[in-house]
Amino acid sequence: MKKFKRTTVTAALPYANGPLHIGHIAGAYLPADTYVRFLRQRGEDVVFICGSDEHGVAITLGAKKEGVSPRQFVDKYHHLMKQAFEDFGIGFDIYSRTSNPTHHETAKEFFTNIYNKGIFLEETSDQYYDEQEQIFLADRYIIGTCPNCKHTNAYGDQCEKCGTSLSPKQLINPRSTVSGKTPVLRPTKHWYFPLDKYEAWLKEWIVEGHKQDWKINVYGQCKSWIDQGLQPRSITRDLDWGVSVPLPDAAGKVLYVWFDAPIGYISATKELKPAGWEKYWKDPETRLIHFIGKDNIVFHCIIFPAILKAAGDYILPDNVPANEFLNLEGDKISTSRNHAVWLHEYLADFPGRRDELRYVLTSISPETKDADFTWKDYQQKVNSELVSIFGNFVNRVMVLTWKYFDGKVPAEHELPATDERRKKILDHYHKAHADLNVSVKEMIRALQDFRFREAQFQLMNMARIGNKFLADTEPWKVAKEDMEAVGCILNYALTIVGNLAIACDPFLPDASRNIKRQLNSSSFDASWKQFWIKEELINAIPQHHQLGQAELLYKNIENEEIEKQIEKLRRTKMENEKSAPLVKALKPEITIDDFSKLDIRIGKVLSAERMEKSNKLLKLKVDTGIDQRTVLSGIAQHYTPEEMVGKQVTLIANLAPRKMMGIESQGMILMAEDLDGKLRLVFPSEIVTPGSTVS
RNA sequence: GGCGCGGUAGCUCAGGUGGUUAGAGCGUUGGAUUCAUAACCCAAAGGUCGGGGGUUCAACUCCCCCCCGCGCUACCA
């Protein structure tokens, strides 16, 4: 592998529209922090960059909802997140924010730089405009009736009821959420980044260049994107919140949040090191690593690198170890449904138990597939691994040393194998030592490869070996006859404890500090970084050294504590169900004249088949009494073609024809939608003649 | 529908250029032990490696088809 002089580590900029939950932590911040701690232990030059992502329409929308300005809105969440990170002990070198002036300048420089190279495309297209407010409406500022499920408050980019992604022009009866008025289409100019022109380069860089070293999920996703063909992407928006486009004819336009956000990494580095930031972003001997969740892969692996490439003389990410998602008690974590374990709430409910959360989240880290956090599992892992194996080992060594040597590290010397027992002790010592060194090497290798689950497992294995060493050598028995041998055993046991204190720093920083305190190691622990360099057990503690008081590292998580948490989630779920409207709201009143415009008839399905390349559409041939016509209906997930044939259906016969997937649909079949989204046919209670009208 | 990733013991996961009885930790059960937070140590039970075909002397590992989970994508008058 290429040798680098320094490392720039970024963790995804969290979006400032809500608090942090354990999914965020497990996905990006904890692995990043673990990795950075590892590099720092080795004495490497590393910067660890993060900050709040504060632009975009969702922010303005959220602010509006809370009745505050975007500024106040992002201030609130920025400080909440910053505090939670700090309280949890994520050790960023800087936690910045994209609303900073430095960031605005940097982002504008990026734009101008690329603009001056003539790389951007300019294009004018029709978008919805609110005439009363005199603003262009971003997708999420437009609501209307969802063409799919008829939900009356679907957003312009997505219907939250049925999950369909939309474009504003698909909405029926669009209206502006700002003024409530019906918006009009008006031309507007935007700038596009020609991703397609970077396709060949991306292919070479990723598909050929990173086949071996990028995680398979990341690589596969990138390859899929590139193979599908890349399109130019719009990088500006009509909005008054964000980084304004630095061009004379661009009033009211800002950079698209996805263009400016990753640049935030660079701005934050500038802020951290005004003089020396460039070497962290432009020196080919710097290694750039992005820690993100899988939702960010395309931006960090495709778009941002292309932008860096276009800007010129920037380095590209050497690796992007994206994680999959974390679920909670079998369900997706959801901010809107409040189905989450919020970081700040965890810290308040479990004071002094940061390591515990780190440990469990790393042990279930969604490195290769989505993982599930359950409180029961949390309790079990803490109690049976952290407490029983790790904490207990440290404690028993401390207690034994105090018991037999008044807390003074026994002399380390060659133990002459003068009898059977000593011989056995020496055998166990050699075995333990060899096993420990294997674990140390495996742990470090795993850390280098971003396999944090495995790395932490090897750490625990060190404690397991320690426990076994004590059980095998039984110093409490030997003490009755051979104190010199006991001294040797405990000297080595303390060596293991010292090495554990070193090794656990990336994973369990609080325990590391705590053990150092117990070992009273401040006078010599500066030499401990040799552990990370030699990649083997070091002689951590000098003989005759006076230890501090023994203290339990962790205590058991009691049933009541986790039951409280489970109950909390259960209550939220119940409240959600209670408060969720069971039936949809009534639509505005209409007149009999409105109704009489509809020509609703009963038809009979003559034939039915699946549409090619669609998993929702069925192509039906319907006898309407008047004619036989083709009707496409999005019911393929609810009815098979076979069961549709011969069925009587209710259809709107005078609806304007509409082409879908190349075929014209002449009418619409009426369906009842159950609360769970299931569609059921509506038809007369007894067979009627095709063509019968409905009124 | 297309594409990507995944589906291995109760749980969390390893593994594999195809080759003797498929591994680990936790959990469970039994034993041993007492320095330790009833912890540690030893041992055992537990898997038709998502399903079905195929290639092969031999497949969990390669090929084909299918099913399930997650994501991206097309589509749902």
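First the proteins, then the strands, lettered A, B, ... as listed; each starts at 1. Just so it is clear, the model here is predicted, and its values are computed rather than measured.
- Two rings, from A:Tyr198 and A:Trp225, have their centers 6.0 Å or more apart.
- B:rC75 atom P lies 18 Å from atom NZ of A:Lys619, rounded to whole Å.
- Taking atom C1' in both B:rA22 and B:rC13, the straight-line distance is 14 Å, to the nearest Å.
- Remark: C1' of B:rC26 and NZ of A:Lys376 are 13 Å apart, rounded to the nearest angstrom.
- Side-chain contact check for A:Cys301 versus A:Val218: some heavy-atom pair is nearer than 4.5 Å.
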Under 3.5 Å, side-chain donor or acceptor atoms of residues 647-656 of chain A against the rest of the protein: list the pairs with distances, not counting sequence neighbours.
unit_1   : atom_1 : unit_2   : atom_2 : d
A:Lys647 : NZ     : A:Glu643 : O      : 2.9
A:Gln648 : OE1    : A:Val688 : N      : 3.0
A:Gln648 : NE2    : A:Val688 : O      : 2.8
A:Thr650 : OG1    : A:Val682 : O      : 2.6
A:Asn654 : OD1    : A:Asp599 : N      : 3.0
A:Asn654 : ND2    : A:Lys597 : O      : 2.7

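- Across the P atoms, B:rU73 and B:rU17 are found 34 Å apart, a figure rounded to whole Å.
- The interatomic distance linking A:Leu400 (CG) with B:rU33 (P) rounds to 18 Å, in whole Å.
- A salt bridge links A:Glu484 to A:Arg422: at least one charged side-chain nitrogen sits closer than 4.0 Å to a carboxylate oxygen.
- If you check every strand for non-hydrogen atoms under 4.0 Å, A:Val387 touches a base.
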Atom pairs under 3.5 Å, N or O on each side, protein against nucleotides 66-71 of chain B: can you list them with distances?
unit_1 : atom_1 : unit_2   : atom_2 : d
B:rC70 : O2'    : A:Lys294 : NZ     : 2.6
B:rC70 : O2'    : A:Asp370 : OD2    : 2.8
B:rG71 : OP1    : A:Lys332 : NZ     : 2.4

>> If a pair means Watson-Crick or G-U wobble with both distances below 3.5 Å, what does RNA chain B look like in dot-bracket form, with | marking bases paired to a different strand?
In response: (((((((..((((.....[...)))).((((.........)))).....(((((..]....))))))))))))....
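- Counting to the nearest Å, the P atom of B:rC41 and the NZ atom of A:Lys431 are 13 Å from each other.
- Among the atoms of the strands shown, none is found under 4.0 Å from any heavy atom of A:Tyr404.
- The base of B:rA36 sits with one of its N or O atoms less than 3.5 Å from a complementary donor or acceptor on the side chain of A:Asn392.
- A distance of about 28 Å separates the C1' atoms of B:rA24 and B:rC35, rounded to the whole Å.
- Within the 4.5 Å cutoff, the side chain of A:Lys408 has no heavy atoms near those of the A:Leu547 side chain.
- Taking the C1' atom of each, B:rC65 and B:rU55 are spaced 15 Å apart, rounded to whole Å.
- Contact check of residues 483-497 of chain A against RNA chain B (heavy atom, cut-off under 4.0 Å) returns no residues at all.
- For A:Tyr359 and A:Phe390, the gap between ring centers reaches or exceeds 6.0 Å.
- Using atom P as the reference point in both B:rU21 and B:rC3, the two lie 38 Å apart (nearest Å).
- Nearer to the 5' terminus of RNA chain B, by closest-nucleotide assignment, is the contact made by A:Arg453 (compared with the other of A:Ser388 and A:Arg453).
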>> Evaluate A:Ile333 against A:Phe325 for side-chain contact (heavy atoms from CB on, under 4.5 Å), listing each step before the verdict.
In response: CA-CA 9 Å; A:Ile333 294 180; A:Phe325 288 151; over 6 Å; no
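- A sub-4.0 Å separation between OP1 or OP2 of B:rC42 and a side-chain N or O of A:Lys468 is present.
- Protein atom CG of A:Asn461 is 14 Å distant from nucleotide atom C1' of B:rC13, rounded to whole Å.
- Checked against the 6.0 Å centroid criterion, the rings of A:Trp375 and A:Phe373 qualify as a close aromatic pair.
- Separating the P atom of B:rA59 from that of B:rC26 is a span of 34 Å, rounded to the nearest Å.
- Taking the P atoms as reference points, B:rG51 lies 10 Å from B:rU8, given to the whole Å.
- The side-chain contact (heavy atoms from CB on, under 4.5 Å) test with A:Arg396 is passed by exactly one of A:Val394, A:Val399, A:Asn392: A:Asn392.
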>> Assess the residue pair A:Asn296 and A:Phe304 against the criterion (side-chain contact (heavy atoms from CB on, under 4.5 Å)); give the C-alpha distance rounded to whole Å, side-chain angles, the decisive distance to 0.1 Å, and a yes or no.
In response: CA-CA 11 Å; A:Asn296 270 342; A:Phe304 186 48; over 6 Å; no
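- Taking atom CZ of residue A:Arg396 and atom C1' of nucleotide B:rA38, one finds them 13 Å apart after rounding to whole Å.
- Between A:Gln231 atom CD and B:rA74 atom C1' there is a gap of 13 Å when expressed in whole angstrom units.
- As judged by a 4.0 angstrom heavy-atom cut-off over every strand, A:Ile216 is placed among residues touching the sugar-phosphate backbone only.
- In this structure, the CG atom of A:Leu230 is 13 Å from the C1' atom of B:rU73, given to the nearest Å.
- Looking at heavy-atom distances under 4.0 Å, A:Ile389 makes contact with sugar-phosphate atoms alone, never a base.
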All N/O donor-acceptor pairs, side-chain side in residues 489-496 of chain A, below 3.5 Å, sequence neighbours left out:
unit_1   : atom_1 : unit_2   : atom_2 : d
A:Asn491 : ND2    : A:Pro410 : O      : 2.8
A:Tyr492 : OH     : A:His433 : ND1    : 2.7
A:Thr495 : OG1    : A:Asn491 : O      : 3.0

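- With P as the reference atom, B:rC41 and B:rC5 are 39 Å apart, rounded to whole Å.
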>> One pair to check against side-chain hydrogen bond (donor to acceptor under 3.5 Å, both in side chains): A:Gln458 and A:Glu454. What are the steps and the verdict?
In response: CA-CA 6 Å; A:Gln458 292 301 339; A:Glu454 167 69 13; 2.9 Å; yes
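- By the side-chain contact (heavy atoms from CB on, under 4.5 Å) test, A:Arg445 pairs with A:Gln448, A:Asp449, A:Arg451, sequence neighbours left out.
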